[in-house]
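First up is the structure itself, then whatever we jot down about it.
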Number of protein chains: 2
Amino acid sequence: MKKILKTNAYTKYPLFKGVNQNSINVIMNCFKSVEKEYKKGTYIWHAGDEAHYVGIVINGQVNIVKDDISGDRVIINTVFNPMIFGESYAIAKTSEYPVSVQAAVDSRIILIDIEKLMTPCSVGCSFHNEVIKNLVEIIAKKNIKLNNRIECITKKTIKQKLVFYLMDEMKMNENNEIKIPYNRNELSDYLNVNRSALSRVLSKLEEDGILIFNKNKFKILDYDEIKEIMAN
Amino acid sequence: MKKILKTNAYTKYPLFKGVNQNSINVIMNCFKSVEKEYKKGTYIWHAGDEAHYVGIVINGQVNIVKDDISGDRVIINTVFNPMIFGESYAIAKTSEYPVSVQAAVDSRIILIDIEKLMTPCSVGCSFHNEVIKNLVEIIAKKNIKLNNRIECITKKTIKQKLVFYLMDEMKMNENNEIKIPYNRNELSDYLNVNRSALSRVLSKLEEDGILIFNKNKFKILDYDEIKEIMAN
DNA sequence: TCCTTTTGGTTGCATCTGCAACATCTTCGT
DNA sequence: ACGAAGATGTTGCAGATGCAACCAAAAGGA
């Protein structure tokens, strides 16, 4: 876990959007934040540690893990470059992280003290406020995604979950032929259903001429039927 | 929808936590925000409107509603005093609200322009930063709640969802006898299961001596069995 | 090319749970 | 106290889906 002083190319990170590299260097110095290397399997923090930091994945990937009652760990989520993790707990003042964060592979991480981040410097660097705005925007977007997922998962049948998800994607793409970012396994995870059961439903929908698909490309054929499905 | 100039007692709102009434008055003036009265059934905004505002429920309650594909509206959520609504969409720069907000009963609402809220005044009022911090904290807490709910809902069986929820509540109360804030109907909604099916599972758990309950009070008797259930 | 691995579709079976209809108990207003 | 309305528990039934085991096709590596 040796320290590496390196501050290049941070401008591409959402947290630093709209802030030039020089300003970032000033901020990082002000935060006393540096990149650190974590070997695969080592912990960035443990559940129960005081929640002071937001982490940025510079390189590699980390798993957000929860210690089960029965002692074994469950992976809640995986975070890749260039996203951040832990921000909600640090900001919400829950005092302790309820989850651990573990390097899934050798990874480079920056930890930033949330208190320093959220409190504008007395010297009044204007870009500091930009970073705060970016952070808030990131959290707000996560919020919207979580809400979407809940709305999707709470549909009653696999058919409804699937159709809701596809329609949502199509609305965003403004196209009735879409390419989704998941394979079947990942899609079934997202919808929280069994993969083979999902497969069964997909085949049925195709057989009924409601939609066609190939790999991760989907196209809706019969919108009347889709409306019928969504309406319960 | 007549305007009412009234700025008392805002200190109790989470958004203004730690800010004194005088400062709030200054801010509200700076924001040009005032309370407005909305009659039951009228809309605070419609889906498709540009997302500029965060709303505070001063009085009454509002429904967050979504226009279904089939034309009818679904209530996504209900917001009471003193909570806020719309903040995620306004902050995330989605440009348009994807949901409408409708007064469920006669209600008093404050709408605050998010851009003004997020940009510290040039005069540099220190309390403005407090408000921003509060807003971020509110969103972060919502985030954590949403994550908890997802973790709960994605459990496979009703039994697991229920046990997960109860254990979570107990951890917070540090007591194995808890009082939950839901009646059966609301609990089944939260867990996203059928009420009678939930009732069935509850009775079975009681019959097996794993927990006892009365109204909204629950107590776990057999922790070994609980562990067994959580472990799958 | 060939072999291995990954990904995706199929199917029989058991079971969980949604649904509906009803029973019981509580709450509350008059 | 009485009746109405609301909350909660019970039960039979049907259908959806998790699961496991298998097969087929595609992808990737040597």
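Worth knowing before you read on, the calculation uses all heavy atoms, side chains too, and leaves out hydrogens, waters and symmetry mates. Residue numbers begin at 1 in each chain, while the letters A, B, ... track the order of the sequences.
Between the side chains of A:Y13 and A:N81, a donor-acceptor pair is found at a separation under 3.5 Å. Between B:S107 and B:N59, the side chains place no donor N or O within less than 3.5 Å of an acceptor N or O (distance only, hydrogens not considered).
Ring geometry for B:Y43 against B:H46 counts as parallel: the plane angle stays under 30°, on a 0 to 90° scale with 60° as the upper cut. Between B:W45 and B:Y97, the angle of the ring planes stays under 30°, which puts this pair in the parallel group of the 30/60° scheme. Taking the six-membered ring for Trp and thresholds of 30 and 60 degrees, A:Y190 and A:Y165 have ring planes inclined between 30 and 60 degrees apart. The aromatic rings of B:Y10 and B:F16 sit parallel to each other, their planes meeting at less than 30°, with 60° as the upper class boundary.
Atoms CD (A:Q160) and P (C:dG18) sit 13 Å apart, rounded to a whole Å. Rounded to whole angstrom, the span from the CG atom of A:N183 across to the C1' atom of C:dT6 amounts to 9 Å. Rounded to an integer number of Å, the gap from CG of A:L187 to P of C:dG9 is 10 Å. Straight-line distance from the NZ atom of A:K204 to the P atom of D:dG15: 13 Å, rounded to whole Å. Here D:dG9 presents its P atom at 11 Å from CG of B:L162, a figure rounded to the nearest Å. Look at NZ on B:K161: it is 11 Å from C1' on C:dC16, rounded to the nearest Å. Regarding B:L205, its CG atom lies at a distance of 13 Å from the P atom of C:dC16, rounded to whole Å. Counting to the nearest Å, the C1' atom of C:dT24 and the CZ atom of B:R184 are 14 Å from each other.
Heavy atoms of B:Y182 sit nowhere under 4.0 angstrom from any nucleic acid atom. Among the protein residues, A:I158 comes within range of the sugar-phosphate backbone only, with heavy atoms under 4.0 Å from sugar or phosphate atoms but none that close to a base. Base contact: A:S199 has a heavy atom under 4.0 Å from a base atom. Here A:K159 lies out of heavy-atom contact (under 4.0 Å) with every strand.
Listed nucleotides: C:dT17, D:dT17, D:dT10. Nearest to the side chain of A:A197: D:dT17.
For A:S196, no side-chain nitrogen or oxygen approaches OP1 or OP2 of D:dA20 to under 4.0 Å. For D:dA27, one of the phosphate oxygens OP1 or OP2 lies less than 4.0 angstrom from a side-chain nitrogen or oxygen of A:K215. For B:N194, a side-chain nitrogen or oxygen approaches OP1 or OP2 of C:dC19 to under 4.0 Å.
Under the 3.5 Å distance criterion, the side-chain polar atoms of B:R200 are left unmatched by any main-chain donor or acceptor of B:R195.
Annotation: of the two residues near DNA chain C, B:R195 and B:L198, the 5′-most nearest-nucleotide partner is B:L198. Each of B:L202 and A:V201 was matched to the nucleotide of DNA chain D holding its nearest heavy atom; the match closer to the 5' end belongs to B:L202.
Defining each end axis of the helix from C:dT1-D:dA30 to C:dT30-D:dA1 as the rotation carrying four pairs' C1' atoms onto the next four, with five pairs an end, the two axes are found to diverge by 50° to 10 degrees.
Considering every non-hydrogen atom in both B:N63 and B:A104, the closest pair reads ND2-CB, 3.6 Å.
Side chain A:R200 to base D:dG18: a donor-acceptor pair is found below 3.5 Å.
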